[in-house]
Amino acid sequence: MSDLLWQKPGVTVDADIQRFLAGDDVLLDREFFLHDIRASAAHAQGLRNIGILSGEELAGLERELAALADDFRSGAFVLDERYEDGHSAIESRLTERLGDAGRRIHTGRSRNDQILVATRLWLKEKLARVAALSRGIAKVALDRARAEHDLPIPGYTHIQRAVVSSAGMWWAGWAEAFIDNAIRASDTLKLVDANPLGTAAGYGVNLKLDREHTTQALGFSRLQVSPIYAQLSRGKFELAALEALGGATLDLRRIAWDLSLFTSAEFGFVSLPAQYTTGSSIMPNKRNPDVIELMRATHASVAAARTEIEQLLSLPSGYHRDLQASKGAIFHGFGRGLAALELLPALLANLAWREDRLRAAIDSGMYATDVAVDAALAGVPFREAYQAAAAAADSAGQGRTPEGSLAARVSPGAAADLRLDLLQARWDALATA
């Protein structure tokens, strides 16, 4: 490991202690390294603007930072245990190539400042991806709601057959859910879109840093003004980002549960493309819906990451090393969550309904609610209509069809009035938000 910036003369660094302090920083910082390089270039430009660096020094730093980014992408440079973390690796490389100019890159910064801005840029990128994926999922659901609006399917409450439903209603539910998920991710992105670069370890520095320049150079919408709030927001913003992701993975989990049931032999309502199933390692007669089962498990990782960060935040104001642990939480939470969401649009676009099994599952009792409502419309008090319909549930389907039941479901949003135009308008507005 290279010399530590903070190492004091005459003090030997204990290797075991240092390993504990470093933890997984080097491995995790690989995820944020390019963002740290980008922020370091913006910081160097700001130092040039206030006279700390010369124009020639800035040009050298920008050149070497760009070369380091290229080397990292190609694998020519590996962030490994030679370095304490990503920040020290950047400074070491720049010092090796540029001497004193490389050593000046850390002027006016702290390691906390560096990882805070790097993870902030990373969170913006990930939230934009959650929003984009949610838009894509909602579009698939909207398109299929239109195409299959009158396809009857059984409707369940308490996992018991309840009423006649439609594929249009099923799809419209997921369309509206993921429109909301896209909005939530975009709104959360706006929250975290604040530049913390130049706040150091939470108290500023004795330099008139050009924070306005770095805000613009890094594409932040606003400056995070208070250095103390920059520290208070660390963990708080990560928590908000995971909550936005969690809204989408919660819905993913419930879709996966529906498909887990619908693809079972007992239901048999849906068939999946072969690539979404795997063979059993011991039972030759079956294919397993492993993809949707692992999708179902994904929210657990997001929820665990959220809990980990929430527990970290039982701290007084100011910077604390505990907060370094938030890197692993967001890395694992977004890593698992986004990987699952990436697969969902194609899965939804390609699943196929088995119409024969759907119709066979619609029994007479599923018309009992229709019978009760019809009687209420004819003037029978609903309590009496309900009791009569319950007593005659076995014959409630006589003279009725699934299509007739759906055509009579005229309440706003129900099968005969899906209001897909309203959902489409909300979806269209996502692109201009």
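Below, each value reflects all heavy atoms present in this structure, side chains not excepted, and no hydrogens, waters or symmetry copies.
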Lys/Arg N to Asp/Glu carboxylate O, [X] vs [Y], below 4.0 Å:
{"X": "R129", "Y": "E342", "result": "yes"}
{"X": "K190", "Y": "D193", "result": "no"}
{"X": "D143", "Y": "K139", "result": "yes"}
{"X": "E238", "Y": "K126", "result": "no"}

Ignoring hydrogens and angles, tell me if any N or O in the side chain of [X] forms a donor-acceptor pair with the backbone of [Y] under 3.5 Å.
{"X": "D363", "Y": "G365", "result": "yes"}
{"X": "R30", "Y": "L79", "result": "yes"}
{"X": "T249", "Y": "G246", "result": "yes"}
{"X": "R234", "Y": "S326", "result": "no"}
{"X": "T298", "Y": "L294", "result": "yes"}
{"X": "R161", "Y": "A361", "result": "yes"}
{"X": "E403", "Y": "T401", "result": "no"}

- [ ] Decide side-chain contact (heavy atoms from CB on, under 4.5 Å) for I105 and E64; before the verdict, give the C-alpha distance in whole Å, the side-chain angles of both, and the deciding distance to 0.1 Å.
- [x] CA-CA 12 Å; I105 191 68; E64 291 302 330; over 6 Å; no
- [ ] Show the numbers, then the answer: is there a salt bridge (charged side-chain N to carboxylate O under 4.0 Å, His left out) between R73 and D70?
- [x] CA-CA 5 Å; R73 292 188 191 97; D70 288 342; 3.1 Å; yes
TODO: Apply the test side-chain hydrogen bond (donor to acceptor under 3.5 Å, both in side chains) to residues R184 and T188: give CA-CA distance (whole Å), side-chain angles for both, the deciding distance (0.1 Å), then the verdict.
DONE: CA-CA 6 Å; R184 187 178 187 185; T188 305; 5.3 Å; no
Taking every non-hydrogen atom, the tightest pair across [X] and [Y]:
{"X": "W170", "Y": "L259", "result": "CH2-CD2, 4.2 Å"}
{"X": "S364", "Y": "G397", "result": "OG-N, 2.8 Å"}
{"X": "R357", "Y": "F269", "result": "O-CE2, 3.6 Å"}
{"X": "A244", "Y": "V130", "result": "O-CG1, 4.5 Å"}
{"X": "A42", "Y": "T214", "result": "O-CG2, 3.5 Å"}
{"X": "L61", "Y": "A44", "result": "CD1-CB, 4.2 Å"}

Beyond-backbone contact of [X] with [Y], side-chain heavy atoms, under 4.5 angstrom:
{"X": "H149", "Y": "W171", "value": "no"}
{"X": "V164", "Y": "R409", "value": "yes"}
{"X": "L47", "Y": "L209", "value": "yes"}
{"X": "F178", "Y": "I255", "value": "yes"}
{"X": "E31", "Y": "F334", "value": "no"}
{"X": "L315", "Y": "L323", "value": "yes"}
{"X": "R426", "Y": "L430", "value": "no"}
{"X": "T107", "Y": "L53", "value": "no"}

Measure the [atom1]-[atom2] distance between [X] and [Y] for me, rounded to the nearest 0.5 Å.
{"X": "L250", "Y": "E243", "atom1": "CG", "atom2": "CD", "answer": "11.0 Å"}
{"X": "S221", "Y": "L218", "atom1": "OG", "atom2": "CG", "answer": "12.0 Å"}
{"X": "I153", "Y": "R359", "atom1": "CD1", "atom2": "CZ", "answer": "12.0 Å"}
{"X": "L242", "Y": "H332", "atom1": "CG", "atom2": "NE2", "answer": "12.0 Å"}
{"X": "L418", "Y": "R146", "atom1": "CG", "atom2": "CZ", "answer": "10.5 Å"}
{"X": "L252", "Y": "L347", "atom1": "CG", "atom2": "CG", "answer": "9.0 Å"}

Can you confirm whether more than 12 heavy atoms, excluding those of [X], are under 6.0 Å from its [atom1] atom?
{"X": "W353", "atom1": "CH2", "answer": "yes"}
{"X": "R336", "atom1": "CZ", "answer": "no"}
{"X": "E293", "atom1": "CD", "answer": "yes"}

Please list every donor-acceptor pair under 3.5 Å in which a side-chain atom of residues 371-394 meets a protein atom from a residue at least two apart or in another chain.
| from | atom 1 | to | atom 2 | distance (Å) |
| --- | --- | --- | --- | --- |
| D374 | OD2 | R400 | NH1 | 3.2 |
| D374 | OD2 | R400 | NH2 | 2.9 |

Task: Inter- and intrachain pairs under ring pair (Phe, Tyr, Trp, His ring centres under 6.0 Å), touching residues 207-229, at least two apart - done: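 For residues 207-229, and leaving out neighbouring residues, there are no ring pair (Phe, Tyr, Trp, His ring centres under 6.0 Å) pairs at all.
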Would you check if there is a donor-acceptor pair between the side chains of [Y] and [X] at a distance under 3.5 Å?
{"X": "N49", "Y": "Q45", "answer": "no"}
{"X": "Q114", "Y": "H106", "answer": "yes"}
{"X": "D113", "Y": "S110", "answer": "no"}

- [ ] Any chance you could lay out the side-chain contact (heavy atoms from CB on, under 4.5 Å) test for L239 and R306, step after step, and finish with the verdict?
- [x] CA-CA 6 Å; L239 194 59; R306 183 190 180 283; 3.3 Å; yes
Task: Full working for side-chain hydrogen bond (donor to acceptor under 3.5 Å, both in side chains) between R120 and S233 - done: CA-CA 10 Å; R120 188 69 55 83; S233 68; 3.1 Å; yes
TODO: Any chance you could lay out the side-chain contact (heavy atoms from CB on, under 4.5 Å) test for D417 and V410, step after step, and finish with the verdict?
DONE: CA-CA 6 Å; D417 187 16; V410 294; 5.5 Å; no
Task: Residue list, side chain to side chain donor-acceptor pair (under 3.5 Å) with T199, at least two apart or on another chain - done: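 Applying side chain to side chain donor-acceptor pair (under 3.5 Å) to T199 gives none.
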- [ ] Assert yes or no for the condition that the ring centre distance of F33 to Y83 is strictly below 6.0 Å.
- [x]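 Distance test on ring centres: not under 6.0 Å, no.
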Open item on the list: Apply side-chain contact (heavy atoms from CB on, under 4.5 Å) to residues Y319 and Q324 and explain how you reach the verdict.
Closed with: CA-CA 10 Å; Y319 172 68; Q324 290 292 93; 3.6 Å; yes
- [ ] Classify the angle between the aromatic ring planes of W122 and F32 as parallel (below 30°), tilted (30 to 60°) or perpendicular (above 60°).
- [x]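 W122 vs F32 ring planes: perpendicular.
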